[in-house]
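The structure under discussion appears below in the form of structure tokens.
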Amino acid sequence: MRGRDIAQKEVSAIAAQEPRLNEEIAIDECRLIDFDGNQMGVFSIDQAQSIADAAGLDLVEIAPNADPPVCRVMDYGKFKYDQAIKAKQARKNQTKIEIKEMKFRPKIDVGDYQTKKKHVLRFLSAGNKVKITIMFRGREMVHPEQGLSILERLADDLKDVAVIENQPKMEGRNMHMLIAPLPQSAKKKESGKGGKEASSEPAEASSDN
């Protein structure tokens, strides 16, 4: 059982390195694991290579620091190919989180506010973070509280579907806040209330209105 445990633990690390194969293995003896992961015992390296050759497979050193080192009989080319396919599939299945941006003016009217909020909801329902930007112009800079009021209002409107990741912060003539979607477990409590409302709206990454 010890050999099987070593094989199961070590073979998963082969894809992340380039182990020594066949004639490259410069040791006197090894603990040999067969193609099915069963321990065969301790063999001289010549005997182990002969067993691998007879099966038309490779001898792969999977635990060089063990005493004695552990080698496994396997089709190394097929193993590397399968690992590459699995890695490609894993990358394909990863959810890509993007940061969208929605721009507001401090004196935005009710209609524009509702429209922009729906776009923000759509971004959140797609799993994206959203950077909310309040743009100040001219004398509006003397009333930053107006922009802060909009951010606080938006955060309250979206509290069931989003969380504030970065609190409101003034940078130059703009005020920013970053919000992120709540985990799915929290969203289920609202039965997708925000996502349905936003799905009927066209895409918009940002607006200067």
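- Between the CG atom of N174 and the CZ atom of F104 there is a distance of 13.5 Å, given to the nearest 0.5 Å.
- Side-chain contact between M177 and I134: absent, with no pair of heavy atoms (C-beta onward) separated by less than 4.5 Å.
- Listed by chain and residue number, L178 satisfy the side chain to side chain contact (heavy atoms under 4.5 Å, CB included) test with N166 (two or more places apart in sequence, or in another chain).
- Here the straight-line distance linking atom CE of M135 with atom NZ of K103 works out to 6.0 Å at 0.5 Å rounding.
- R153 has no carboxylate O lying under 4.0 Å from a charged side-chain N of D156, or vice versa, which leaves the two without a salt bridge.
- Distance CZ/R72 to CE/M40: 12.0 Å, rounded to 0.5 Å.
- Between H143 and K107, every side-chain heavy-atom pair lies at or beyond the 4.5 Å cut-off.
- Side-chain contact check for Y113 versus L154: some heavy-atom pair is nearer than 4.5 Å.
- The shortest non-hydrogen separation linking R173 to R137 is NH2-C, 3.5 Å.
- With a 4.5 Å cut-off on side-chain heavy atoms, V42 and P68 count as touching.
- Remark: side-chain polar atoms of S149 are not paired, donor with acceptor, to backbone N or O of Q146 under 3.5 angstrom.
- When every heavy atom of K159 is checked against every heavy atom of L182, the shortest pair comes out as O-CD1, 3.9 Å.
- Cluster annotation: V161 and V130 are assigned to the same hydrophobic cluster (Ile/Leu/Val/Met/Phe/Trp/Tyr, side-chain heavy-atom contacts under 4.5 Å, transitive).
- A donor-acceptor pair under 3.5 Å is absent between the side-chain atoms of R31 and the main chain of C71, judged by distance alone.
- Side chain of N128 to main chain of K100: no donor-acceptor pair is present (N/O by atom type, distance under 3.5 Å, no hydrogens or angles).
- Under the salt bridge (charged side-chain N to carboxylate O under 4.0 Å, His left out) criterion, the residue pairs touching residues 139-148 are R105-E140, with sequence neighbours excluded.
- In this structure, the salt bridge (Lys or Arg N to Asp or Glu O under 4.0 Å) partners of R20, at least two apart in sequence or on a different chain, are E61.
- Closest non-hydrogen pair, A180 versus L124, comes out as C-CD2, 3.9 Å.
- In the hydrophobic clustering of this structure, L21 groups with F79; members are Ile, Leu, Val, Met, Phe, Trp, Tyr whose side-chain heavy atoms approach within less than 4.5 Å, directly or through other members.
- With sequence neighbours excluded, the residues satisfying salt bridge (Lys or Arg N to Asp or Glu O under 4.0 Å) with E165 are K129.
- A continuous path of Ile, Leu, Val, Met, Phe, Trp and Tyr side chains, each step under 4.5 Å between heavy atoms, connects M141 with I108, placing both in one hydrophobic cluster.
- The closest side-chain heavy-atom distance from M74 to L57 is not below 4.5 Å.
- Transitive grouping of hydrophobic side chains (ILVMFWY, heavy atoms separated by less than 4.5 Å) brings M170 and I179 into a common cluster.
- Under the 4.5 Å side-chain heavy-atom criterion for grouping Ile, Leu, Val, Met, Phe, Trp and Tyr, I132 is connected to L148 within one hydrophobic cluster.
- Between L151 and I164 there is no side-chain heavy-atom pair separated by less than 4.5 Å.
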Run the side chain to side chain contact (heavy atoms under 4.5 Å, CB included) test on I51 and D34 for me, step by step, so that the C-alpha distance in whole Å, both residues' side-chain angles and the decisive distance to 0.1 Å come before the verdict. CA-CA 9 Å; I51 292 172; D34 69 12; over 6 Å; no
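- Looking at M175 and I150, their side chains never come closer than 4.5 Å, going by heavy atoms from C-beta outward.
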Chi angles and distances behind the side chain to side chain contact (heavy atoms under 4.5 Å, CB included) call for Q39, I33: CA-CA 5 Å; Q39 179 184 175; I33 307 298; 4.3 Å; yes
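- Between G147 and F136 the shortest heavy-atom distance is CA-CZ, 3.8 Å.
- One finds no salt bridge joining K86 and D82 here, because no Lys/Arg side-chain nitrogen approaches an Asp/Glu carboxylate oxygen to under 4.0 Å.
- The salt bridge (Lys or Arg N to Asp or Glu O under 4.0 Å) test applied to D28 returns no partner, not counting sequence neighbours.
- Going from atom CD1 of I25 over to atom CG of L59 covers 4.0 Å, rounded to the nearest 0.5 Å.
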Under 3.5 Å, which donor-acceptor pairs do the side chains of residues 43-50 form with other protein atoms, sequence neighbours left out?
unit_1, atom_1, unit_2, atom_2, d
S44, OG, Q47, N, 3.1
S44, OG, Q47, OE1, 3.3
Q47, OE1, S44, N, 3.1
Q49, NE2, N22, OD1, 3.2
Q49, NE2, D53, OD1, 3.0
S50, OG, D46, O, 3.0

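- Between the side chain of Q114 and the main chain of G111, no donor-acceptor pair closer than 3.5 Å is present.
- Rounded to the nearest 0.5 angstrom, D58 CG and K78 NZ are separated by 13.0 Å.
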